[in-house]
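Here's the structure, in structure tokens; my notes come after.
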Amino acid sequence: MSYLGCHVGLSAPKYYVGTVEEALSYDADTFMFYTGAPQNTRRKDLSELRIEEGRALLSKHGIDESKIVVHAPYIINLGNKDKPETFDLAKSFLIQELRRTSGFGASKLVLHPGSHVGHDERHGMESLLLGLEEVCAHDGTDVTICLETMAGKGSEIGVSFDFLAEFIARFPFADRIGVCLDTCHVHDAGYDVLDADALLKEFDRVLGLDRLKVVHLNDSKNPRGAHKDRHENLGIGHIGFEALHWFVIHPALEEKPIILETPWVGEKPPYKKEIAMLRSGAYEADWREHL
Ligand code: FE
Ligand code: FE
Ligand code: ZN
């Protein structure tokens, strides 16, 4: 059984203590969070975030810190290098996020490869190579940057395993790079996720399973290949519970963190129930009505 968790918050007044408590309340044994608002660059200093207390709580509950994941803010775009000021800002903000990730005691940062915005995938590849090389030369951490597989919405890059494999093959700091496989995104990108085993074999063939550091487990509101990126609760979307459950019990993912990014149901977080169903393997068709 893999490590199971979900996206959790980080907010005043409890900060990291609250983050850990939220994860524990869902019976999660891992989790993912943003170190600040994902849509802006304002960041509270680490000294204000109650990190040591949060880490003490983790160790008290036996949560393995090496499974914890930070998500980089999605305003960072290294896929287009046209405007030097914007590109520089993205690089320096990412350097800061890598240092913050390390400051939380975490070792994995999930990053969207970016968008080429008006160019093509080739331009996106060259931009990302250039941008991340400068970041890795200067951040001074050993945090693994986990490039997320994208749905192909708009001008997103990093949609195919082949793109990520080419990036890694050409990147001078390849030992710093991992991959985050998002089931909704790869489904929307056109891969068949209904057969987890075949998908993971394909991943292994192109990228090698050692590169797989994080799985984002989400159902999708749209059919395969739709390039939309709209997450759905487990069992409600076009992937279905059974197919998603295969990832949780697959031997190749035993040691990897699996993170839910499914939507809240009205005012209620679905994660405790979704995690319980994944652990038991038993799906309840009307589970959202009993949260
Ligand atoms: Fe993401
Ligand atoms: Fe994701
Ligand atoms: Zn998504």
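First listed ligand is number 1; within each ligand, the first listed atom is number 1. These figures come from a predicted structure and were not determined experimentally.
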* **Note: Glu126-Lys81 ion pair, threshold 4.0 Å (strictly below)** => no
* Pull up every protein N/O/S atom sitting under 2.8 Å from the Zn ion (ligand 3), skipping waters. => His185 NE2, Asp229 OD1, His231 NE2
* Metal proximity, His112 vs the Fe ion (ligand 1), N/O/S cut-off 2.8 Å -> yes
* Asked: Among Arg99, Lys91, Arg176, whose salt bridge (charged side-chain N to carboxylate O under 4.0 Å, His left out) with Asp139 holds?
  -> Arg176
* For the Fe ion (ligand 2), the closest N/O/S atom belonging to Glu261 -> OE1
* Aromatic rings His7 and Tyr34: how do their planes relate, parallel, tilted or perpendicular, breaks at 30° and 60°? -> perpendicular
* To do: Among the N/O/S atoms of Glu148, select the one at the shortest distance from the Fe ion (ligand 1) and name it.
  => OE1
* Does His290 reach the side chain of Lys273, with side-chain heavy atoms less than 4.5 Å apart? -> no
* To do: For the atoms OD2 of Asp182 and ND1 of His216, give the angle they form at the Fe ion (ligand 2), rounded to 10 degrees.
  => 110°
* **Side-chain donor/acceptor of Arg288 to backbone N/O of Pro270, under 3.5 Å** => no
* **Heteroatom of His71 nearest to the Fe ion (ligand 1) (N, O or S, atom name)** => NE2
* Asked: Quick one: are the ring centres of Phe161 and Tyr191 less than 6.0 Å apart?
  -> yes
* Is Lys60 paired with Glu53 through a side-chain N to carboxylate O contact shorter than 4.0 Å? -> no
* To do: Look at Glu166 together with Arg122 and state whether they make a salt bridge at an N to O cut-off of under 4.0 Å.
  => yes
